[in-house]
Amino acid sequence: MSAKPLLIVAGIGNGTGTGAATARVFSKAGYRVALIARNAEHLKHLVDELASSGGEAAAFPIPEYTYDAVEHVWDNIVEHAWPSGQPSDLRVALWNVGVNVFGSFLTVTAKDIQASLEVHVTAGFAFSRKAILAFKKNELDVNGSKGTLLFTGATASVRGNVFTSAFAAGKFGIRALSQSLAKEFGKENIHVAHVIIDGSILTDLSLSRRPGEAGEAWKANPDLRLEGESIAKAYLYLIQQDRSAWTWELDLRPAHEKW
Ligand SMILES: *[C@@H]1O[C@H](CO)[C@@H](O)[C@H](O)[C@H]1NC(C)=O
Ligand SMILES: *[C@@H]1O[C@H](CO)[C@@H](O)[C@H](O)[C@H]1NC(C)=O
């Protein structure tokens, strides 16, 4: 079958972080890329950029990350990927979605908790279910895998802290799901991996939080922050492992971290 393998990424932000970097790296590695995010405009920019460098990408805006909306968008992708009645070769799915709910515990509202649990966990369950169902239909690839489901984690996936009570609750939850899935579906040759990003990633947003010279110095020093493209290369490494030595969890941090 000559169809390109397909990568689905959920969580693109404004196109300057891990999700977008993964789309670029996988596109270069020969994948067709389906992108899910809330902001249709940022999605379109990224799709145009990938297309202009010879890639094949499509945008799937989602109004919000709920269980139903994720199922719905996933069904749209699958329809889109069969333009000529040819089955799509979905091989990799990345759940890179996050919601910013940071604040001291006593300021956390019911809405914050609900947002963190719904976006990180409940919607992540829907994404995982669709990915697993699709992978189950695949033939094994050359390295013995039917597909890889990746999760972008954070320091807060394993460590609570001041200002992260609501955020960490969601990130712990989705990490737990990834472990359960790795156990249950490893036996069916489906690889599930969770990657703890233990530090700040260089994005437009993280840079805008460090105005002035401090931000410039931080940007200029790759030992202090993570580069989206470097994270994406680690994802590519994970999906190429053969199944006699699969990683469930990886953690990545800049060489000179101080935490
Ligand atoms: C992304 O968001 C940040 C922070 O809101 C902003 O400074 C930056 O210009 C945005 N980048 C793009 C490509 O839209
Ligand atoms: C299979 O494994 C080899 C060696 O690690 C790697 O170069 C190749 O990209 C892998 N192929 C797939 C489809 O994962």
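Remember, it's 1-based here, ligands and their atoms both numbered in the order they're listed. Nothing fancy with the numbering, it's 1 onward along the sequence.
Defined by atom type and a distance below 3.5 Å, a donor-acceptor pair is present between the side-chain atoms of D242 and S244.
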At less than 3.5 Å, what protein N or O atoms come close to the N or O atoms of ligand 2? Include the distances to 0.1 Å.
from	atom 1	to	atom 2	distance (Å)
ligand 2	2 (O)	N143	OD1	3.0
ligand 2	2 (O)	N143	ND2	2.4
ligand 2	2 (O)	Q240	O	3.4
ligand 2	9 (O)	Q240	NE2	3.3
ligand 2	11 (N)	N143	ND2	2.9
ligand 2	14 (O)	N143	ND2	3.1

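Within 6.0 Å of atom CD in Q114, 12 or fewer heavy atoms from other residues, nucleotides or ligands are found, so the atom counts as exposed in its surroundings. Enclosure of atom CD in E71 by more than 12 non-hydrogen atoms of other residues, nucleotides or ligands within 6.0 angstrom is indicated.
Looking only at distances, a side-chain donor or acceptor of T22 sits under 3.5 Å from a matching main-chain atom of T18.
Under the 30°/60° scheme for interplanar angles, the aromatic rings of W95 and F127 are found to be tilted.
When ring centroids are compared, F102 and F167 come within the 6.0 Å threshold.
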